[in-house]
Amino acid sequence: SGSIIIRTLNAGTSGVSGELVFSTGTTSNGASGSISIGTGTTTGLGERGDIHVHVGKTTVENGGEIWLEAGRTTTDKNGGLFNVQAGSSDGTGSGIGGHLNLLSGHATKNTGGSLSLISGFSTASTSGSIIIRTLNAGTKGVSGEMIFSTGTSSSGSSGGIKIGTGTASNGRGGDIS
């Protein structure tokens, strides 16, 4: 089928290229509208469509940012759920589930980018949990392995691994078991 291209034209010798805004309207009573982005389903031999979201390259400034944030609420309700999930393989043959990679940026001469997994804080109560685990094996096979490893180093020490619990100012420090 035909293509749809939505873009702003290039900027001149000075200035910035135009902005693209995709937004639904606000509402005072009821849910605001949703935005859905997806590719079509293939029912024959064709491959699936991909979705790419990327920030353009720069030659003189810091790279651009991408922010994905679930909804915030100012009432006594829960914040929005944020799911990132790779694709499933539902066939009966040799297909495996899709990989999920979280990669920070590399650097040619300086330190590579950090990767942080941080749970939400609470001003008055308990901070959120972080759970890293493999799920149970099926009727055949073993459950997935977990590897915590630092990289090798050809000049200098390799990185350390630290596991600890936080300090308790009024109570008992947490256990490691």
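Every value quoted in this text rests on a predicted model; they were computed, and no experiment measured them.
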Expected list for residues 58-75: side-chain donor-acceptor pairs under 3.5 angstrom, two or more places apart:
residue : atom : partner : partner atom : Å
Thr58   : OG1  : Val60   : N            : 3.4
Thr58   : OG1  : Glu61   : N            : 3.3
Glu65   : OE1  : Trp67   : NE1          : 2.9
Thr73   : OG1  : Thr75   : N            : 3.1
Thr73   : OG1  : Thr75   : OG1          : 2.9

Nearest-0.5 Å distance, CD of residue Glu47 to OG1 of residue Thr42: 9.0 Å

So does Leu9 have more than 12 non-hydrogen atoms from other groups sitting under 6.0 Å from CG? no

With a 4.5 Å cut-off on side-chain heavy-atom distances among I, L, V, M, F, W and Y, is there a chain of contacts connecting Ile130 to Met146? yes

Atom CZ in Arg48, atom CD1 in Ile51: separation rounded to 0.5 Å? 11.0 Å

Intermediate values then yes/no, side-chain contact (heavy atoms from CB on, under 4.5 Å), Ile6 and Phe22: CA-CA 11 Å; Ile6 302 174; Phe22 297 92; 4.2 Å; yes

Any link between Leu100 and Phe82 through a network of hydrophobic side chains (Ile, Leu, Val, Met, Phe, Trp, Tyr) touching at under 4.5 Å? yes

Are more than 12 heavy atoms, taken from residues, nucleotides or ligands other than Phe121, located less than 6.0 Å from that residue's CZ atom? no

Ser17 side chain reached by Asn10 side chain, heavy atoms, under 4.5 Å: no

Looking at every non-hydrogen atom in both residues, tell me the closest pair between Ser143 and Ala137 and how far apart they are. N-CB, 3.5 Å

Atom pairs and distances, donor-acceptor, side-chain atoms in residues 155-177, under 3.5 Å, two or more places apart:
residue : atom : partner : partner atom : Å
Thr165  : OG1  : Gly174  : O            : 3.2
Arg172  : NH1  : Asp175  : OD1          : 3.1

Residue pair Ser114 / Ser104: nearest heavy atoms and the distance that separates them: O-CB, 3.4 Å

Has the side chain of Thr27 got a donor or acceptor atom that lies under 3.5 Å from a matching backbone atom of Asn29? yes

For the hydrophobic clusters of this structure (ILVMFWY residues joined by side-chain heavy atoms under 4.5 Å, transitively), does one cluster hold both Leu117 and Val84? no

Does Val53 belong to the same Ile/Leu/Val/Met/Phe/Trp/Tyr cluster as Val55, with side-chain heavy atoms less than 4.5 Å apart forming each link? yes

Going by side-chain hydrogen bond (donor to acceptor under 3.5 Å, both in side chains), name the pairs with one or both residues in residues 77-97, residues two or more places apart or in two chains. none

